[in-house]
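Working notes, beginning with the structure itself.
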Amino acid sequence: MKIIVLGAGVIGVTSAYYLAKAGHDVTVLERLEGPALETSHANAGQVSFGYSSPWAAPGVPLKAVKWLFAEHPPLSFKPDGSLFQLKWMFQMWRNCNAQRYAINKERMIRMSEYSRECLASLRTETGIEYEGRQRGTLQVFRKQAQVDQVGKDIEVLRDAGVDFQLLSSAELASAEPALEYARHKLAGGLRLPDDETGDCNLFTTRLAEVARKMGVTFRYGVNITAILANSSGVTGVRCGSELLTADAYVLALGAWSTRLLSPYMQLPVYPMKGYSITVPIADESRAPVSTLLDETYKVAVTRFDQRIRVGGMAEIKGFDKSLNASRQATLEMVVDDLFPGGRKQGEVSFWTGLRPKTPDSTPVIGATRIPRLFLNTGHGTLGWTMACGSGQLIADLVSARATAIRSDDLAISRY
């Protein structure tokens, strides 16, 4: 079949790769001048298969109120003037209970663990390199109360067969030696030894080249203005004055998917703004060896070859991509607090991106009620983590093949 994939971020490119691998004639449309130039460009670098947790969780509404007055808030809100924003927040609030959290967590772990298998196979088959490290991830807790509350997450990990280690403060340095300098500030940690790290931009760019050699056509600088459809299904994609047609279409435009789909249905994917800094390493003995998540500030610190990527926080404020200096200050504070002396001072690359977030934190993957139109979006902070599994899954669904994991509860029909 002839397939058009809309979007060349990590989700769009992995979708194209697996569709081409399945034997389809694939064209990717992207409005920017290359792959991975927006949300996939400078994310936190975590490939956190085991640590896949919904933002909508019991206690989050109360925490959100407290964060309004915090110096370094992990989550903040600013009205964007839309009814959609308010409805999305209400939907997220409805997911902040134990029952919905358990359901959503299971979906995310299922998708992430499958993606781990797919990424490992892809790496073996292609030999792709992206400054990746397979040395696990570590969630660190600054307060004993956080350690005490991790029990429910551990139950889900155990049920899913995900390997984990609960570490005391004294044991943290066994996973991250440089934490010895900050051990007195930490109460413990949860280590997931099978998790990974890597430069998402580098991965996506190099996989796009692999896909191109497989026959995938990439058309950059193409402004997608509309999806055209009637009762029989999608009739084409409007790109300015040009109408492009195919046998099937995969919408993988992240947070921009919602607007394009709005004439036909409401896709509850909202742009959750996040930030990152990238800094060069000054002293390897004081730098991380893999990646960790500071649970208090919701900030990830990730090691690349000669760089450290620090990313996190979330702002619910629409499509605003302005850089907020206070967010840079928070990211610098966290990396300096956990890894003092690890980075070169004064050399900072500051970035922001819009993560496509659903109210239940689970991506939207699958067919729609419009024939020939498929969705692969809404991965939030876990696009890099779930990319390969999502790409393989959408390729199987488009090809009408049996899927390796349950997928019916991932489609837009769940809303």
Side-chain angles (χ1 to χ4, degrees), residues 36-48 67 70-76 130-133 135-143 169 172-187 189 196-203 273-315 320-353 355 381 384:
L37 292 179
E38 285 193 308
T39 307
S40 303
H41 185 66
N43 67 11
Q46 289 177 288
V47 192
S48 302
W67 287 333
E71 181 182 2
H72 301 286
L75 177 67
S76 63
Y130 47 90
E131 297 191 30
R133 293 178 175 231
R135 303 186 62 170
T137 60
L138 177 64
Q139 181 184 11
V140 294
F141 308 114
R142 293 177 180 266
K143 301 175 183 178
S169 175
L172 293 175
S174 65
E176 284 286 354
L179 284 181
E180 184 64 32
Y181 301 103
R183 181 163 61 90
H184 61 286
K185 303 175 183 179
L186 304 172
E196 306 178 12
T197 63
D199 186 328
C200 182
N201 173 268
L202 192 58
F203 172 85
K273 186 178 182 179
Y275 297 87
S276 77
I277 60 171
T278 306
V279 296
I281 293 173
D283 184 343
E284 293 211 11
S285 69
R286 289 178 171 268
V289 297
S290 185
T291 189
L292 61 81
L293 175 69
D294 187 326
E295 176 62 17
T296 298
Y297 298 105
K298 305 293 186 183
V299 168
V301 182
T302 298
R303 170 70 179 271
F304 293 155
D305 286 354
Q306 298 300 322
R307 302 169 294 150
I308 300 173
R309 173 73 52 73
V310 191
M313 298 172 293
E315 293 180 351
D320 173 19
K321 291 187 69 177
S322 61
L323 290 169
N324 185 333
S326 67
R327 302 305 190 197
Q328 178 177 341
T330 296
L331 297 174
E332 292 190 44
M333 180 277 294
V334 170
V335 68
D336 290 339
D337 193 48
L338 294 175
F339 298 99
R343 69 170 177 118
K344 292 182 180 179
Q345 296 292 324
E347 298 183 37
V348 181
S349 176
F350 187 31
W351 173 88
T352 188
R355 313 163 179 129
T381 58
W384 179 199

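Note: hydrogens, waters and symmetry copies are ignored here, and every other heavy atom, side chains too, is used.
Between F203 and W384, the two ring planes are tilted [angle within 30° to 60°].
In terms of modelled atom types and a separation under 3.5 Å, the side chain of T291 and the main chain of V301 share a donor-acceptor contact. With hydrogens and angles disregarded, no donor-acceptor distance shorter than 3.5 Å links the side chain of S290 to the backbone of T137.
The shortest distance between side-chain heavy atoms of L338 and R142 falls below 4.5 Å. Looking at R135 and V289, their side chains come closer than 4.5 Å, going by heavy atoms from C-beta outward.
In this structure, OG1 in T330 is found 12.0 Å from CG in D337, a value given to the nearest 0.5 Å.
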Step by step, would you call R303 with R309 a side-chain contact (heavy atoms from CB on, under 4.5 Å)? CA-CA 6 Å; R303 170 70 179 271; R309 173 73 52 73; over 6 Å; no

For side-chain hydrogen bond (donor to acceptor under 3.5 Å, both in side chains), just list the numbers for T278 and S349, CA-CA rounded to whole Å, side-chain angles, deciding distance to a tenth of an Å, and then say yes or no. CA-CA 5 Å; T278 306; S349 176; 5.0 Å; no

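Looking at every heavy atom in both residues, A282 comes nearest to G341 through CB-O, 4.1 Å. In this structure, D294 and V140 approach most closely via the heavy-atom pair CA-CG2, 3.8 Å. Looking at every heavy atom in both residues, A178 comes nearest to A287 through CB-O, 3.6 Å.
Considering only residues two or more places apart in sequence or on other chains, S76 meets the side chain to side chain donor-acceptor pair (under 3.5 Å) condition with R327. Residues forming a ring-ring contact (aromatic ring centres under 6.0 Å, His included) with Y275 (at least two apart in sequence, or on another chain): F350. Every residue two or more places apart in sequence or in another chain that forms a side chain to side chain donor-acceptor pair (under 3.5 Å) with S326 is listed here: N324.
With a 6.0 Å cutoff to the six-membered ring centre and a 45° limit on the axis angle, R286 counts as a cation-pi contact of Y181.
Between D199 and R307 a salt bridge is recorded (basic side-chain N to carboxylate O distance below 4.0 Å).
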